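Single-structure report; data block below.
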Amino acid sequence: MRNKNIDPESGSATLQTAAIILFCALVGAASLSFIGTAARSIARGKGKASDSSARSDILAAIDQALAALDADVSPTSDAPSDPAYAHKALGACDILIKDISSKINPNWIRKGMLEETALSRVLKPGKTAADLQQYREDSGLSLDPSFYAGFFSDKDTQDFLSPYSYPNINSSDEFALRRMARDAGLNETEAQAFHGIVKAQVASPTIYDDAKLAQALGNRFSALQRVLSAQGQWNVNFLPEPILKALLSYPPWKIPAHAEKYQLLVNTRSVAPIDDDGLRRVLGLPAGHSIYGYLGVRTWFWGIEASKDGVKGRAIFARSLPLDPTASGKQARLVSLVWSRL
């Protein structure tokens with residue numbers, strides 16, 4: 001299916017709030033192949049003929065990058081060693097493929113994870129996790145990094161933060177999830193009812209899996225299964241080392257030998273992809289442990305940048321929910337496409 005929602009001449013196709021962007025599947029987000037309509041839009045667009053030619057080549061390169069991701073020989077996990085990430089050029093374009101969801105999302109991070117681990121250092125002096133939680137409740141959610149500029153330094157924003165990840169029943173802040181529900185159009189009664197589902201998970205001694213999440217949402221909130229995840233939010237194969245180390249040392253979990261397990265994960269992923277079995281083998285924790293709400297082996301959002309002749313296109317793709325483990329490829333949907341000049 002070709003994309004009918006994005007006009008490559010319009011600059012940014014990014015929606016402006018996290019709630020809306022994460023509900024893109026509900027309102028008809030574009031599927032993986034979008035080059036046909038996009039190329040026709042370029043042909044009708046304004047600007048230099050050379051720019052139009054460059055943009056057409058860039059779109060073709062992005063399609064090739066998606067095909068390379070889908071050609072992954074280990075589809076149950078994603079890792080930097082997958083062949084797609086080795087591409088530095090496709091066609092006539094320079095290319096860069098990145099996991100952009102395996103970082104702290106300021107929209108969703110739970111207060112305790114910031115308060116009780118070394119991750120607290122990403123906050124500016126004088127700011128607390130409680131301040132961030134209240135700010136989200138008062139001001140909403142956003143994909144714009146400047147929205148959270150009062151809480152995080154520029155360097156930490158670049159190294160450890162990303163606004164691209166699905167809300168997660170097992171790891172997202174309960175009040176942020178309630179705010180998401182309101183922003184998505186639920187009335188107050190519905191938002192409070194949904195919040196009750198989230199609170200039940202928070203009180204649960206184990207995480208929800210996909211089946212339990214579907215049961216909890218029921219028919220009333222069944223559409224949320226397309227935007228609310230129950231699987232590991234961060235990919236252990238891409239997660240920055242300071243975040244991985246802090247996660248394993250989270251005091252309430254009391255993970256035995258957490259420092260040794262951290263080092264083993266870092267050493268293992270440097271030579272081979274870690275899959276679900278490998279992750280559980282290293283951690284030695286039961287399948288329902290809370291850490292698996294945070295730590296998994298799949299990437300949920302990709303950034304693909306392609307450039308030619310001073311023109312750059314940056315596309316964001318999301319793996320579709322609910323995940324179909326029997327489907328081939330990444331089940332990717334286009335979230336945004338932004339053009340710029342180098």
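Here the structure is a predicted model, which is why all the values come from computation and not from measurement.
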(message) Evaluate Met180 against Leu141 for side chain to side chain contact (heavy atoms under 4.5 Å, CB included), listing each step before the verdict.
(response) CA-CA 8 Å; Met180 176 207 69; Leu141 312 167; 4.0 Å; yes

(request) Please lay out, stage by stage, how Phe152 and Phe160 fare under the test ring pair (Phe, Tyr, Trp, His ring centres under 6.0 Å). (result) CA-CA 10 Å; Phe152 303 98; Phe160 299 128; over 10 Å; no

(message) Test side chain to side chain donor-acceptor pair (under 3.5 Å) on Asp144 and Ser146; report intermediate values, then the result.
(response) CA-CA 5 Å; Asp144 182 356; Ser146 67; 2.8 Å; yes

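With hydrogens and angles disregarded, a donor-acceptor distance shorter than 3.5 Å links the side chain of Trp234 to the backbone of Lys103. Put simply, the side chain of Asn105 gets close to the backbone of Pro163: a donor and an acceptor are under 3.5 Å apart. For Ser172 (side chain) and Ile169 (main-chain N/O), no donor-acceptor pair under 3.5 Å exists by modelled atom type. Between the Asp72 side chain and the Leu69 main chain, no donor and acceptor come within less than 3.5 Å of each other. With hydrogens and angles ignored, the 3.5 Å screen pairs no side-chain donor or acceptor of Arg319 with any backbone N or O of Ala332. Side chain of Asn170 to backbone of Tyr208: a donor-acceptor contact under 3.5 angstrom is found.
Residues that satisfy the side-chain contact (heavy atoms from CB on, under 4.5 Å) test with Arg281, not counting sequence neighbours, are Asp277. Take Lys245 and apply the side-chain contact (heavy atoms from CB on, under 4.5 Å) test, not counting sequence neighbours, and it matches Tyr262.
A 4.5 Å side-chain heavy-atom check between Leu228 and Asn168 finds every atom pair outside the cut-off. With contacts defined as side-chain heavy-atom distances shorter than 4.5 Å, the pair Tyr166/Gln233 does not qualify.
A pairwise comparison of heavy atoms in Ala246 and Thr117 identifies O-CG2, 3.7 Å as the closest pair. Minimum interatomic distance between Trp302 and Trp300 (heavy atoms only, all atoms of both residues): CZ3-O, 4.3 Å. Gly91 and Gln64 make their closest contact through N-OE1, 4.0 Å (heavy atoms, listed as atom of the first residue, atom of the second, distance).
Side-chain contact check for Ser222 and Asn219: no donor-acceptor pair (N or O, by modelled atom type) lies under 3.5 Å.
The distance from the OG atom of Ser102 to the CG atom of Asn235 is 4.5 Å, given to the nearest 0.5 Å. Annotation: the span from Ile95 atom CD1 to Glu305 atom CD amounts to 9.0 Å, rounded to 0.5 Å.
Aromatic ring centres of Tyr164 and Phe317 lie farther apart than the 6.0 Å criterion allows. Remark: aromatic rings of His258 and Tyr250 are distant, center separation not under 6.0 Å.
Comment: Arg136 engages Asp173 in a salt bridge, judged by a side-chain N to carboxylate O separation of less than 4.0 angstrom.
Taking the ring axis of Phe151 as reference, the NZ or CZ atom of Lys127 stays within 45° of it and closer than 6.0 Å to the ring centre.
The only member of Lys111, Arg182, Arg179 that meets salt bridge (Lys or Arg N to Asp or Glu O under 4.0 Å) when paired with Glu137 is Arg182.
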